[in-house]
Protein chains: 4
Amino acid sequence: MKKLDKGAAAKEREGAKPARGPGFEAKRMEILRGAAILFAENGYHETSVNMLSEKLGVSKPVLYYYAENKDDILVQIGQISLDMLRAAMSRAQKAQLSGVGKLRHFFTAYTEIMCSDFGRCFAFVDQKVVSAEARAENSAGRRVIEAAIREIIVEGQSDHSIAQCSPEFASRALFGAFNAIPRWFKEGGEFDAREVAEVYIDLFVTGLGR
Amino acid sequence: MKKLDKGAAAKEREGAKPARGPGFEAKRMEILRGAAILFAENGYHETSVNMLSEKLGVSKPVLYYYAENKDDILVQIGQISLDMLRAAMSRAQKAQLSGVGKLRHFFTAYTEIMCSDFGRCFAFVDQKVVSAEARAENSAGRRVIEAAIREIIVEGQSDHSIAQCSPEFASRALFGAFNAIPRWFKEGGEFDAREVAEVYIDLFVTGLGR
Amino acid sequence: MKKLDKGAAAKEREGAKPARGPGFEAKRMEILRGAAILFAENGYHETSVNMLSEKLGVSKPVLYYYAENKDDILVQIGQISLDMLRAAMSRAQKAQLSGVGKLRHFFTAYTEIMCSDFGRCFAFVDQKVVSAEARAENSAGRRVIEAAIREIIVEGQSDHSIAQCSPEFASRALFGAFNAIPRWFKEGGEFDAREVAEVYIDLFVTGLGR
Amino acid sequence: MKKLDKGAAAKEREGAKPARGPGFEAKRMEILRGAAILFAENGYHETSVNMLSEKLGVSKPVLYYYAENKDDILVQIGQISLDMLRAAMSRAQKAQLSGVGKLRHFFTAYTEIMCSDFGRCFAFVDQKVVSAEARAENSAGRRVIEAAIREIIVEGQSDHSIAQCSPEFASRALFGAFNAIPRWFKEGGEFDAREVAEVYIDLFVTGLGR
DNA sequence: GATGAATGAGGCTTCATTCAT
DNA sequence: GATGAATGAAGCCTCATTCAT
């Protein structure tokens, strides 16, 4: 919230890092995952840095060794989530499938990601808390993916696997519906994420009519 | 010695009130509406009581004259929203329409409500901040409406206006999709809420397939 | 979400503490002593946390590092005072003295304690401000000491060093009289606490009659 | 605490009053008595003006009609208490009794007063909260009475009804002991205030020795 | 004479963050 | 590389008090 130069930090993470040992990345992931779980469960503001340090079993300064800020933690979680989503999109795009096939392919992966530790946090925690800069980066990432989905829909309309409809609206309805899944999904329940995704896709493809 | 029981306040609102003149209700609504707008725009935690009092043009104690708490403001906004939703559901249920017709009827109203000042706040702000008791009441309200939708779906399946599908999943997908509308909807844009609702319903009814 | 249970804090002080280095105890005592002086001088409610932090030369959060609450400060002061009183009583009970000798022994120490920084605060500040739980603990401590005094009186009546009289009333009169001493006693005045105690005891033993 | 001109108010109460109806004095007493009970029971700071108005069944502005201030309420209670004490002292001084007889006479009345509604408040509530001016007046009142007691003691020493001892210390011990009575005294218990006073006086006169 | 509504000022508490060791 | 201790800033809330009606 008092962004001095967050950009520097973010860039640093992918640039000339200051001599970080081999365990660094593993520990960083461990911390981020723990934080993601807590943020998703309790909410970002309801999870104090104190609580993080206690529940993660590390001292507060350690947290500041792995993240610039409290919200940098959230930013990093978002980056990881977006990376996963981008990879999923990439795989879908490369798949030898019809438009609707790619849609199904992507949203299955999307559901799995959004029900994972990182994804749940990404889905639940409002990005309003992070710096404008980081938020912009995040939004850009999302937008790229949404654009890709619209393109897939258009593609499906070309190959006649998807009906004529507004790609904008369809994309929004799809993301809206799928984003809400982690809100009620319980790991280890009757269905796993993959199955839920299948049902949802079928619903969207078939429609409720008749 | 401080907060004994939050619930007492909520109950008080419908119980033995400490003498309230006319005008109270109007001012209360004015304050709640202003707060709802700010909460929806900036986020609950990002909107301090100070900010509320400044932007609403009242002193801080006034807020505490109309609400027990900062989160009671949110609770009251939720109650108003739920009341509107319940009324909408009631109208839909009473309408002389097929299942799909009732669905369309309800979700049109739903969209309008969720795009209103109160509804946007209700849609955006996580109820994690409110007391367990109030949250339970809120959840119960939502669940009643969700159950009613599932019933309407079943009804539609009986009257053959809705295809065979899991009412649970369909209901969740519908709410997920519609809940996300206020996240991008802009008042005064190309479409009004009613029109967006139409498009969405068509999408859901027709399906993306073929 | 705010104050769940005050008692947890008190218990924590003797339980699983969050890692406290040496120096902690000394600083804690320093803060408590300063607070005790201010509370005794100005009154508990008249001494704001702001004032405490200013006069003690520490920032406000530091106070909350050493105490849960404003009233936990008072509670801790009470615990220290009670510990001193218990120790004094223990010494008096073990002394090889007649009943009246033990009485004299205890109330001399009592006076010294009640005229000390901690004792004055303990004597002056009404425990009405602290949580029911802490107040109960405090009262229990007092009652144990009062019971011990009654026992000493009975003992003195057995060994004929104390006249027949109601131990309950005698004990109450004694504590009442001695508790009031710090209200007028000035350190460095004509008499020191020990001497005042002597005079009081003589008065009580000899009586005003004849 | 923000004494503008409390003196004016106090004086006004005994001077040219602004046309107050006949019921004024009765209602004033009723309010003061109720406040005294609440202050004694809950403490001055723990009793908000809101609570006063609720429990006394009058609106807040009414309280400000009968008292300048919250602490003026306390001041008035103090004045009433002091008036009672002064009257009691006056009666004791005029009685045709030995020194010790006057002592007994006064402290019996003193106990009754201090166990009454007004007296309990006077005994329990620290005058630290009232304006310097009012506190001075109050202290002066107390001091006059204490001086009178010392004089009675001297008188008793002259008429050989009281033993040689320091009148200062004796007076302080007496007031200390008697002031504490309302702290444990319960109306309607085994003893009434008069009887408690008798026992205490006997204790003080006879002494604990032998 | 009474009250619903309003307020300035200040209270207590906690948060994210840093630094000396 | 780690931590106990510290802090500036800000948060929510409540109090005694007053006025327009």
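The model shown is predicted, which means the values in this text are computed figures rather than measured ones.
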Roughly how many Å is it from [atom1] in [X] to [atom2] in [N], rounded to a whole number?
X: C:Leu63; N: E:dG11; atom1: CG; atom2: P; result: 14 Å
X: D:Leu74; N: F:dA16; atom1: CG; atom2: C1'; result: 15 Å
X: B:Ile31; N: E:dA6; atom1: CD1; atom2: C1'; result: 11 Å
X: D:Met51; N: F:dT14; atom1: CE; atom2: C1'; result: 12 Å
X: B:Glu46; N: F:dC12; atom1: CD; atom2: P; result: 11 Å
X: C:Glu25; N: F:dA5; atom1: CD; atom2: C1'; result: 15 Å
X: A:Glu54; N: F:dG4; atom1: CD; atom2: P; result: 12 Å
X: D:Glu68; N: F:dA16; atom1: CD; atom2: C1'; result: 14 Å

> Does B:Lys128 offer a backbone N or O that forms a donor-acceptor pair with the side chain of B:Asp126 under 3.5 Å?
Replying inline: yes
> Do C:Gln127 side-chain atoms and C:Ala134 backbone N/O form a donor-acceptor pair below 3.5 Å?
Replying inline: no
>> As a check on the pairing definition, encode DNA chain F in dot-bracket form, counting Watson-Crick and G-U wobble pairs whose two distances are under 3.5 Å, and using | for partners outside this strand.
In response: .||||||||||||||||||||
>> Quick test of your reading of the model: are C:Glu25 and C:Arg28 salt-bridged, counting only N-O distances below 4.0 Å?
In response: yes
OP1, OP2 of [N] versus side-chain N and O of [X]: anything below 4.0 Å?
X: C:Tyr64; N: E:dT14; value: no
X: B:Asn69; N: F:dC12; value: no
X: B:Tyr66; N: E:dA6; value: yes
X: C:Asn50; N: E:dG10; value: no

>> Considering every strand and a 4.0 Å limit on heavy-atom distances, what is the contact class for B:Val62: base, sugar-phosphate, or nothing?
In response: base
> What does C:Lys27 touch in the nucleic acid at a heavy-atom separation under 4.0 angstrom: a base, only the sugar-phosphate, or nothing?
Replying inline: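 Touches sugar-phosphate only.
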Taking the side chain as every heavy atom from C-beta outward, state whether [X] and [Y] have any pair of such atoms under 4.5 Å apart.
X: A:Val49; Y: A:Leu63; result: yes
X: C:Gln76; Y: C:Asp72; result: yes
X: D:Ile73; Y: D:Tyr66; result: no

> Pick the nucleotide of DNA chain F nearest each of D:His45 and C:Ser59; which residue has the one closer to the 5' end?
Replying inline: C:Ser59
> Which comes earlier along DNA chain F counting from the 5' end, the contact point of B:Tyr44 or that of D:Thr47, where each point is its nearest nucleotide?
Replying inline: B:Tyr44
> Between C:His45 and D:His45, how do the two ring planes meet: parallel, tilted or perpendicular, split at 30° and 60°?
Replying inline: tilted
> Between E:dT13, F:dG1, E:dT7, which nucleotide has the shortest distance from any of its atoms to the side chain of A:Tyr65?
Replying inline: F:dG1
> Choosing from E:dA16, F:dA5, F:dA6, which nucleotide comes nearest the side chain of C:Phe24?
Replying inline: F:dA5
>> Evaluate D:Asn50 against D:Glu54 for side chain to side chain donor-acceptor pair (under 3.5 Å), listing each step before the verdict.
In response: CA-CA 6 Å; D:Asn50 257 327; D:Glu54 271 174 41; 6.0 Å; no
> With ring centroids as reference points, do B:Tyr44 and B:Phe124 lie under 6.0 angstrom apart?
Replying inline: no
Considering only nitrogen or oxygen atoms on both sides, find all protein atoms under 3.5 Å from nucleotides 19-21 of chain F and state each distance.
none

> Is a donor-acceptor pair below 3.5 Å formed from side chain D:Lys60 to base E:dT3, judging by atom type as modelled?
Replying inline: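 Looking at the base of E:dT3, it does not pair with any donor or acceptor on the side chain of D:Lys60 (distance under 3.5 Å).
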> Who pairs with A:Thr47 by side chain to side chain contact (heavy atoms under 4.5 Å, CB included), at least two apart in sequence or on another chain?
Replying inline: A:Leu38, A:Phe39, A:Asn42, A:Met51, A:Leu52
